[in-house]
Amino acid sequence: MTSTTILVTGARGSVARGVVARLVAASRSVRIASSDPAELEPTPGVEAVRLSLREPDNAAAVLQGITSVFLYAEAAGIADFVKAAQAADVRHIVLLSSSSTNTPDPQSNPLAAGHHTVEVAVAESGIPYTVLRPGAFAGNSIGWKYQLMGTGSIQLPYPNAQIAPIHEDDIADVATAVLLAGDHLGETLDLNGPESMSFVEQIAILADVLGRDLPFTEVTRDQALAGLTRHMDPGYANALLDLWESAVDPEPLSGTTEAITGKPGRSFRSWAVDHRADFALDSGRRG
C-alpha cells in the first residue's frame, strides 16, 4: 500500500487545527504548514514546516511526498503554489474558500475577490479539487467581546440581519471526510449552520450561556464603518456592511454538514457552550 501524507496549510487557523486533530485520530500521516511554524504546537509525529502562501518559495520542498492538501485561500502566490502542486503530483486539493464567492460579480467584491482568484487557479490547475464555501463563522461573534471591553456595549448597525452561523468543527468534519474519502471531486460545497438567526438572537443565546447581560446598541452605518475600519480595509468593511444590510430574510440552509458526515450541524448554542471561556473579559486582547 502506498503511503500518503496530507498537507494542512494555515495550521494556526481553527478549522485547520480541527482537520489535523481528525486526521491524526484517523492514523493518517500529516504535515502542517504555517508562515511561522515556531508558533505551532504540533501533535507528536506531525511534521511542522514553514510555508508562506504569499511567498511560496519553498513550496516544492514542502509538497514533496504530499498526496492531498487542505488549502487556505490566499490569492498572493497562488500561481506558484499551484505549479509546485502540479509538479509534486498532488492528487486532491480541498480548498477552504468563502460563501462570498457566490455573489454575481465576485471579482469586484472585496469580500470575495481573493477567494475567487484562488478558486479559479485551483479549478484550472488540472488537479482534482473540492471547494468548501462556508458562510459566517460562529466564531466571528468573539469580536463582540472587545466591543464590550471597550464601550460596554455591542455595536450593531443591522441588528436584525439574518445569518446561519457555522461551528468551525462542522467545517473541519466536512473537510476531513472529503480528504479521507477523496470524493466530491470537482464539486463546490456550500456550508452554513443548522439555523438562521438575527444578531440579536445570537446575543440572547450568548447571554443565556454566559449568565450575564450583553447590552447592545443599534448604531448607524457610518458609526459601524468607523469602528470596522480600525482593523480592516474600508472596501472590505463596506462590503461586509452591504452584506448585513441585504440579509433581511432567513438564510437558506445548505444541509451539507449532515449530508456528508451523517450528523446534524452544531447549533450556535452548542458553539457558545464550547467557547464560553473565550468571552471572559480578562482572557486576552485582540490580536
Exercise for the section: Could you walk me through whether Phe199 and Asn160 pass side-chain contact (heavy atoms from CB on, under 4.5 Å), step by step? Expected result: CA-CA 6 Å; Phe199 289 132; Asn160 295 310; over 6 Å; no
Exercise for the section: Before giving the answer on side-chain contact (heavy atoms from CB on, under 4.5 Å), spell out for Leu53 and Ile78 the whole-Å C-alpha distance, their side-chain angles and the decisive distance to 0.1 Å. Expected result: CA-CA 7 Å; Leu53 292 174; Ile78 187 60; over 6 Å; no
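With Leu132 as the fixed residue, the side-chain contact (heavy atoms from CB on, under 4.5 Å) test singles out one of Thr188, Leu95, Val94: Val94. The side-chain contact (heavy atoms from CB on, under 4.5 Å) test with Leu71 singles out one residue from Leu7, Val82, Val8, Ile93, and that residue is Ile93.
Lys263 has no carboxylate O lying under 4.0 Å from a charged side-chain N of Glu258, or vice versa, which leaves the two without a salt bridge.
Side-chain contact annotation: Asn102 with Ser99, donor-acceptor N/O pair under 3.5 Å absent. A donor atom on one side chain and an acceptor atom on the other are found under 3.5 Å apart for His275 and Glu168. A donor-acceptor contact closer than 3.5 angstrom is absent between the side chains of His92 and Thr67. The closest side-chain donor-acceptor pair between Glu119 and Thr101 falls under 3.5 angstrom.
Hydrophobic clustering, with ILVMFWY side chains joined whenever heavy atoms are under 4.5 angstrom apart, groups Leu225 together with Leu111. In the hydrophobic cluster analysis, where Ile, Leu, Val, Met, Phe, Trp and Tyr join through side-chain heavy atoms closer than 4.5 angstrom, Tyr146 is grouped together with Tyr236. Under the 4.5 Å side-chain heavy-atom criterion for Ile, Leu, Val, Met, Phe, Trp and Tyr, Trp144 and Leu241 are members of the same hydrophobic cluster. Cluster membership check: Ile171 does not share its hydrophobic cluster with Phe268, using side-chain heavy-atom separations under 4.5 Å among Ile, Leu, Val, Met, Phe, Trp and Tyr.
For Arg31 (side chain) and Gln64 (main-chain N/O), a donor-acceptor pair under 3.5 Å exists by modelled atom type. Using a distance-only test at 3.5 Å, with no hydrogens or angles considered, no donor-acceptor pair links the side chain of Ser270 to the main chain of Arg266. Side-chain atoms of Asp80 do not come within 3.5 Å of backbone N or O of Pro56 as any donor-acceptor pair. Judged purely by atom type and a 3.5 angstrom limit, Ser198 has no side-chain atom pairing as donor or acceptor with the backbone of Gln162. Side chain of Arg22 to backbone of Gly18: a donor-acceptor contact under 3.5 angstrom is found. Looking at Thr256, its side chain never comes within 3.5 Å of a backbone N or O of Leu191 through a donor-acceptor pair. Although no hydrogens or angles enter the test, the distance criterion places a donor-acceptor pair under 3.5 Å between the side chain of Thr9 and the main chain of Tyr72. In this structure, Gln147 contributes its side chain and Gln155 its backbone to a donor-acceptor pair below 3.5 Å. Side chain of Thr151 to main chain of Leu148: no donor-acceptor pair is present (N/O by atom type, distance under 3.5 Å, no hydrogens or angles). For the pair Asn192 (side chain) and Pro252 (backbone), a donor-acceptor distance under 3.5 Å is present.
Asp278 and Lys145 make their closest contact through O-NZ, 3.1 Å (heavy atoms, listed as atom of the first residue, atom of the second, distance). In this structure, Phe216 and Pro159 approach most closely via the heavy-atom pair CE1-CB, 4.5 Å. Looking at every heavy atom in both residues, Arg133 comes nearest to Ser98 through CG-O, 3.5 Å. Here the closest non-hydrogen pair linking Pro134 and Ile166 is CB-CG2, 4.5 Å.
The distance from atom OG1 of Thr103 to atom CG of Asn109, rounded to the nearest 0.5 Å, is 4.5 Å. For the atom pair CG (Asp36) and CG (Leu51), the distance works out to 12.5 Å, reported to the nearest 0.5 Å.
Among residue pairs with one or both ends in residues 49-62, none qualify as side chain to side chain donor-acceptor pair (under 3.5 Å); sequence neighbours excluded.
Here the side chains of Pro165 and Trp271 are not in contact, with every heavy-atom distance at 4.5 Å or above.
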